[in-house]
Amino acid sequence: LAASRILTRPVARAFGQPSAYSFTTLGNGGTSDLIINAVGSDRLGIVSDITGMVIEHGGNVGESQAARLGSHFSLMMLVSVPSE
């Protein structure tokens with residue numbers, strides 16, 4: 001899916017290395033729903049940065065859940081992006 005390819009590099013930059021992230025595509029039509037799962041080092045502003053990247057690419061955040069695990073951070077986000 002083009003939307004997940006567009007968002008892969010910005011999400012990787014936001015989390016830094018090492019990190020793990022995945023995109024799962026749901027549905028079809030005029031928009032695509034993606035589930036972003038990401039784990040990496042915790043830092044100030046990470047949720048804001050990833051939300052901004054989704055919005056910058058014409059997407060909307062539906063629901064999200066985040067957790068801090070020691071010095072690491074876990075994020076699961078349901079986003080809707082335009083299909084290309």
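These figures come from a predicted structure and were not determined experimentally. No hydrogens, no waters, no symmetry mates; every other heavy atom, side chains included, goes into these values. The first residue of the sequence shown is numbered 1, and numbering continues consecutively from there.
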>> Return the CG to CZ distance between Asp49 and Arg43, rounded to the nearest 0.5 Å.
In response: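 It comes to 4.5 Å.
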> Of the options Ile50, Thr51, Val54, which is the one that meets Val79 in a side chain to side chain contact (heavy atoms under 4.5 Å, CB included)?
Replying inline: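 Option passing the side chain to side chain contact (heavy atoms under 4.5 Å, CB included) with Val79: Val54.
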> His72 side chain to Arg68 main-chain N or O, any donor-acceptor pair under 3.5 Å?
Replying inline: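 No; zero donor-acceptor contacts below 3.5 Å.
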Do you know the tightest heavy-atom contact between [X] and [Y]?
X: Met53; Y: His57; result: O-ND1, 2.8 Å
X: Val39; Y: Ser74; result: CG2-OG, 4.1 Å
X: Val81; Y: Gly59; result: CG1-CA, 3.9 Å

> Quick check: are there more than 12 heavy atoms from other residues, nucleotides or ligands sitting under 6.0 Å from CG of Leu69?
Replying inline: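 Counting other residues, nucleotides and ligands, CG of Leu69 exceeds 12 neighbours.
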>> Let's go through Asp42 and Ser71 carefully: what are the C-alpha distance in whole Å and the side-chain angles of both, what is the deciding distance for side chain to side chain contact (heavy atoms under 4.5 Å, CB included) to 0.1 Å, and is it a yes or a no?
In response: CA-CA 6 Å; Asp42 189 21; Ser71 64; 5.7 Å; no
>> If you apply the rule side chain to side chain contact (heavy atoms under 4.5 Å, CB included), what do you find for Met77 with Asn37, and how did you get there?
In response: CA-CA 7 Å; Met77 187 178 279; Asn37 286 300; over 6 Å; no
>> If hydrophobic clusters are built by linking Ile, Leu, Val, Met, Phe, Trp and Tyr wherever their side-chain heavy atoms come under 4.5 Å apart, do Met76 and Leu78 end up in the same one?
In response: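 Yes.
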